[in-house]
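Everything on this sheet refers to the single structure shown next.
In what follows, every chain begins at residue 1, and chains take the letters A, B, ... in the order their sequences are listed.
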Amino acid sequence: MPDGIMLCALDELSNGALGFDPFNDGRDTVFAVFRNGEVYAYSDVCPHYGDTSLPWKKNAYLDSRGEHIVCAAHGALFTIDEGYCVSGPCRGESLTPVPVTVKNNTVWLITSPTGENKK
Amino acid sequence: MNIIGPELLIFGVDDVQACRQFALDYGLTASGDNRFVALDGTGIEVYAADDESLAAPLSTGSAIRKTVYGVKSQADIDAIKAELSKDREVTTLDDGSIEAFDDLGFLLGFMITQRKSLELEAEKVNAPGAVAQRGVNLTAVNKDDVGVPRSLSHVVYFVPDFPKAEAFYRDRLGFVTTDRFTHVGPFMRPAGTTDHHTLFFIQTPPHMQGIEHFTFHMGGPTDVMTAGTNMVNKGYQSFWGPGRHIFGSNWFWYFKSPFGCNMEFDADMDLHDDSWTAREAPPGADNSQVFLLQYREKWAPMGPPPPGAGGKPREAP
Ligand code: FES
Ligand SMILES: [Fe+2]
């Protein structure tokens, strides 16, 4: 069993992206997207302003075709697999990845060895 | 040139259905298939990004496709057409409105305003030492009240060259700068209104050009709060606010939106005329908000919900 925080069952991610509040901040601070057999997770902070979250409503992290991650504030588009901003105000910048692992069809946020990533 | 202010903002969006629902939840009323309006009839139009009736988007992909200004009379349309025709193409459309590009590439329209004059009261306030605005036995607040947008207020653009933008709107369209943020951009009002601003520019690199936010005037700060709380209750996510700006003194609450820009509620903006001298301040939180009330879903120090309460990821063993 990894030393981490359970985010969700893998099949809950099949319909797109989900936001999570793994550290009990009272709002989602991490989101995960399942794409081509992989789970990608990022911290829910747009590099444009550096202190605001991406979606316009809970879990609305993707565009309508599911091709890009979107920041609703000013329409920045990010690649799903790298979190790299390809269009919009923060073009050329990236989302901060969050380490996750899938074990037994469950998605876990991996807490860091030093513990600052752990509640 | 009696430009009154923005009359219609036209968007080409990724998810039309989400934008329609958002506009309705924001408090606008559907008027035909694409238009959503405030009480005075000003508003927005929503189309799919690839809709053929729309002009080409900016190269940055911003969803704003046209900003239509309302003017007082045909004489104003004629004057704008004469002025802009000096150095650019001005097209007259079937409905009598005209359109042309500004110096930064934003498509503008000008139409004789169709806004209704509203006869409504502003929010009333009682205070010691002042004559009561709201009389005895009149209650200000009812739990179910939700403020309704009254009029399209202002639009804010990211621009690569704000001096160029300011010069165009000042010299060619008669806008006045009411205040400015140093190295960022001016707040501007057109000649036909006393509103502190209907337009604000934010200097950015060229790849950011586009709409930053747009907003409607509400009946007062309580309407901003009730409309914003209604949005939060419907699951929409706040971007900034509620709070009160310093330049313009308007109350604000911004929400992220499926329009690819923020959508704001504002109220109680300062009014200015030509005797006003523009102020200048460096940008930043100190000068843009007199205070900020951050919305928090959970604010009381009650600790986490009990195990099995649902809605939260469980911790790993
Ligand atoms: S804050 Fe995300 S695009 Fe501006
Ligand atoms: Fe605003």
* Hey, what do you get for OH (Tyr254(B)) to OG1 (Thr52(A)), rounding to the nearest 0.5 Å? ->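 Tyr254(B) atom OH to Thr52(A) atom OG1 measures 13.5 Å (nearest 0.5 Å).
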* Lys234(B) NZ to Lys57(A) NZ distance, which is reported to the nearest 0.5 Å ->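 NZ of Lys57(A) is found 12.5 Å from NZ of Lys234(B).
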Below 4.5 Å from any heavy atom of chain A, which atoms of [X] appear? Answer side chain, backbone, both or neither.
X: Tyr236(B); value: both
X: Phe259(B); value: neither
X: Thr60(B); value: backbone

* Can Ser53(A) and Lys256(B) be counted as having a side-chain donor-acceptor contact under 3.5 angstrom? ->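 Per modelled atom types, Ser53(A) and Lys256(B) side chains form a pair under 3.5 Å.
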* Are the side chain of His207(B) and the backbone of Pro89(A) linked by a donor-acceptor contact shorter than 3.5 Å? ->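 Yes.
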* Relative to chain B, which segment of Leu54(A) carries a heavy atom at a distance below 4.5 Å: side chain, backbone, both, or neither? ->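 Interface part for Leu54(A): backbone (N, CA, C, O).
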* **Residues of residues 68-75 of chain A contacting chain B, heavy-atom criterion under 4.5 Å, by residue number** =>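 Ala72(A), Ala73(A), His74(A), Gly75(A), listed by number.
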* Asked: For chain B, which residues from residues 30-45 of chain A have at least one heavy atom closer than 4.5 Å to it?
  ->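 Residues qualifying by a heavy atom under 4.5 Å from chain B are absent, so none.
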* For chain A, which residues of residues 47-59 of chain B have at least one non-hydrogen atom nearer than 4.5 Å to it? ->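 Under the 4.5 Å heavy-atom cut-off, nothing qualifies.
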* Considering heavy atoms only, which positions within residues 15-28 of chain B lie below 4.5 Å of chain A? ->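 Checking residues 15-28 of chain B against chain A gives Asp15(B), Ala18(B), Phe22(B).
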* chain A interface, residue from Asp14(B), Ile211(B), Thr204(B) that has the most non-hydrogen pairs under 4.5 Å ->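 Sorted descending by pairs with chain A, the first entry is Asp14(B).
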* Specify which of Ala60(A), Gly88(A), Cys90(A), Pro55(A) makes the most heavy-atom pairs with chain B at under 4.5 Å. =>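 If we count pairs closer than 4.5 Å to chain B, Pro55(A) comes out on top.
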